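The structure appears right after this line, and notes come after that.
Quick caveat, the model's predicted, so the values are computed rather than measured. All residue numbers refer to positions in the sequence shown, counting from 1.
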Amino acid sequence: MVYADWGDPQRTLAVAKELMRAPLKEILPTLSAAMAGLVRHEALVMLTGDCPKSANWGHGDPVLTGDVTTAELATLATHVDVGKPWFGGACLAGSVRPVLAVASAPPGSAGALLAVVPPGEGEPEPEVLSLVQQLWDLATARVIDLLPGAVPVDMAAPWIANSERDRAVADAADAHAATLTALLGVLRSRTLEDGAARRTATDVAVAALVELRATGEDEQPAPEESVQDAFGRLSDMLSLLSRYGDVTLEYSAPGSPQRLIPSVIARAARTTARGTVLTMLEQGGVDRIRVSWDIEDTELRMVIRDDGPGTLAAEALAVHRLTDRVVALGGTLTVDAVPAWGTIVTVRLPLAAPDVPRSDPLSSLHPRELDVLRHLVHGHRNRAIAEALHISEHTVKFHVGRILKKLDVASRGEAAALARASGFPAGASLVD
């Protein structure tokens with residue numbers, strides 16, 4: 001795909017969808033193929049803070065990818081701010097060479113850096129840099145979605161950090177996938193003329209961006225939702241997938257509409273339903289999907305049924321980490337697929353929120369803020385924190401300010417003392 005082809009919405013969205021579906025080992029090759037017409041390159045190398053086993057991955061020239069060190073990438077990261085591509089000379093594989101570097105840090109991620117090694121060419125145009133950044137944002141979201149076990153070492157408040165991180169990452173990936181599916185449905189619609197399809201696709205994209213930006217970091221959901229509101233939000237969430245597509249979505253609302261249920265359970269039911277519907281749509285041959293809720297004394301039972309080929313395997317739901325999310329809340333998920341008859345997915349969630357001590361002062365902090373607080377406990381200054389987390393010093397200052405505000409303390413020392421009192425280890429740090 002050459003640069004001019006990116007003006008074709010269908011081809012652009014097809015590339016994005018392919019990237020969001022790529023297996024972990026194929027993300028860099030898929031990204032390389034997508035970038036072929038944008039930036040000529042000999043190799044792609046990435047540094048990620050989300051993989052505890054291997055932080056340095058590469059694709060392309062084996063001499064380059066085999067000799068690039070994590071230390072070189074970490075040094076390169078000090079020149080790059082999230083969302084702002086950087087081009088210049090950098091030492092990779094033992095030699096100074098031209099490098100295009102982009103950084104991304106979706107919610108709940110430790111951040112990831114991509115180094116693009118071109119064959120001695122000049123800096124790409126700003127429009128090209130913007131496209132590369134957006135592709136890398138999608139690739140990073142896909143990487144962290146496929147790394148459910150990636151948890152920062154020496155993390156305090158593990159239940160809060162891990163569950164919130166997993167939820168944020170999985171929800172963001174599913175939301176992106178749902179938007180891409182809806183956009184492709186609009187552009188492929190046989191009932192919309194070209195002009196109307198472009199306007200509708202723009203409306204869908206703008207609505208998704210507005211929703212994304214409206215979800216602030218400080219948003220604290222109510223502890224409970226009414227059944228009516230919870231199910232209404234579910235139908236709103238799923239309507240985007242059927243509005244312009246060929247699949248009919250049906251809903252069976254539960255009784256007792258004014259009954260209150262824990263928000264964490266309602267949220268898990270909604271995101272599980274969306275991930276299941278997305279998985280069912282990926283089979284092909286599905287014309288109708290029915291979603292029903294039943295509220296019993298001690299559990300919420302959700303049944304999602306399609307009229308597809310009936311070959312859906314339980315492992316397919318692992319792509320969206322659905323089973324893990326349900327099990328984490330003490331629930332169960334079963335798949336009953338009958339060839340030529342369709343698939344039934346049944347989810348049971350207990351109507352009791354996990355026992356998390358919300359009085360814990362650290363419970364208001366997000367995973368990245370907990371990362372920074374861990375370094376404050378060890379007495380690190382902003383520069384050392386920035387180098388360890390591969391972010392800018394300005395970003396560190398921003399996080400420190402938010403930590404002090406959320407913990408209602410006046411200094412870094414008070415924040416560190418409060419963290420130790422809440423269980424943060426005060427031993428030797430992994431980073432000097």
Side-chain angles (χ1 to χ4, degrees), residues 107 164 167-168 170-183 185-186 200 203-216 218-281 286-307 317 320 322 325-326 329 331 333 344-354:
E164 286 301 311
R167 179 187 66 77
D171 288 358
D174 285 355
H176 290 323
T179 300
L180 288 171
T181 300
L183 286 171
V186 170
T200 304
D203 289 343
V204 171
V206 170
L209 287 173
V210 170
E211 180 181 358
L212 177 64
R213 292 179 179 180
T215 306
D218 290 326
E219 180 182 357
Q220 295 293 332
E224 294 180 315
E225 299 179 29
S226 71
V227 170
Q228 179 177 336
D229 288 344
F231 194 76
R233 291 180 182 178
L234 171 63
S235 61
D236 290 343
M237 177 186 289
L238 295 179
S239 64
L240 189 64
L241 297 174
S242 63
R243 188 176 302 162
Y244 304 103
D246 298 326
V247 176
T248 299
L249 280 174
E250 299 177 347
Y251 305 96
S252 178
S256 306
Q258 300 307 315
R259 179 175 174 180
L260 296 177
I261 60 176
S263 291
V264 66
I265 300 300
R267 185 170 60 238
R270 288 193 292 267
T271 54
T272 302
R274 179 171 58 190
T276 300
V277 170
L278 284 169
T279 305
M280 288 177 166
L281 292 176
V286 176
D287 297 317
R288 189 179 302 273
I289 298 177
R290 181 178 179 81
V291 181
S292 65
W293 273 17
D294 285 319
I295 305 294
E296 302 175 1
D297 289 340
T298 60
E299 71 175 17
L300 182 157
R301 184 169 69 94
M302 178 170 61
V303 178
I304 305 175
R305 180 194 305 262
D306 72 22
D307 63 352
L317 299 178
H320 300 278
L322 302 181
R325 277 186 268 177
V326 170
L329 294 172
L333 185 152
I344 301 175
V345 175
T346 303
V347 178
R348 296 179 181 272
L349 291 168
L351 290 179

From R348 CZ over to L300 CG, what is the distance, rounded to the nearest 0.5 angstrom? 10.5 Å
Distance, nearest 0.5 Å, that separates OG of S252 from CG of D294: 6.5 Å
If the condition is side chain to side chain contact (heavy atoms under 4.5 Å, CB included), which residues does R259 pass it with, not counting sequence neighbours? V227, S256, I295, L351
Any residue meeting side chain to side chain contact (heavy atoms under 4.5 Å, CB included) with A266, in chain and number order, not counting sequence neighbours: E225, A230, I261, R270
Which pair of non-hydrogen atoms, one from V286 and one from M280, has the smallest distance, and what is that distance? CG2-O, 3.5 Å
Over all heavy atoms of both residues, which pair between A269 and W293 is shortest? Give the atoms and the distance, please. CB-CZ2, 3.5 Å
Please list, chain by chain and in numerical order, all residues satisfying side chain to side chain contact (heavy atoms under 4.5 Å, CB included) with E296, sequence neighbours excluded. E299, R301
Taking atom CG of D307 and atom CD1 of I289, what is their separation to the nearest 0.5 Å? 8.0 Å
Locate the shortest heavy-atom distance separating I265 from P350; write the atom from each residue and the value. CD1-O, 3.3 Å
Any T276 side-chain heavy atom under 4.5 Å of M302 side chain: no
Distance in Å, T271 OG1 paired with L234 CG, rounded so as to fall on 0.5 Å steps: 10.0 Å
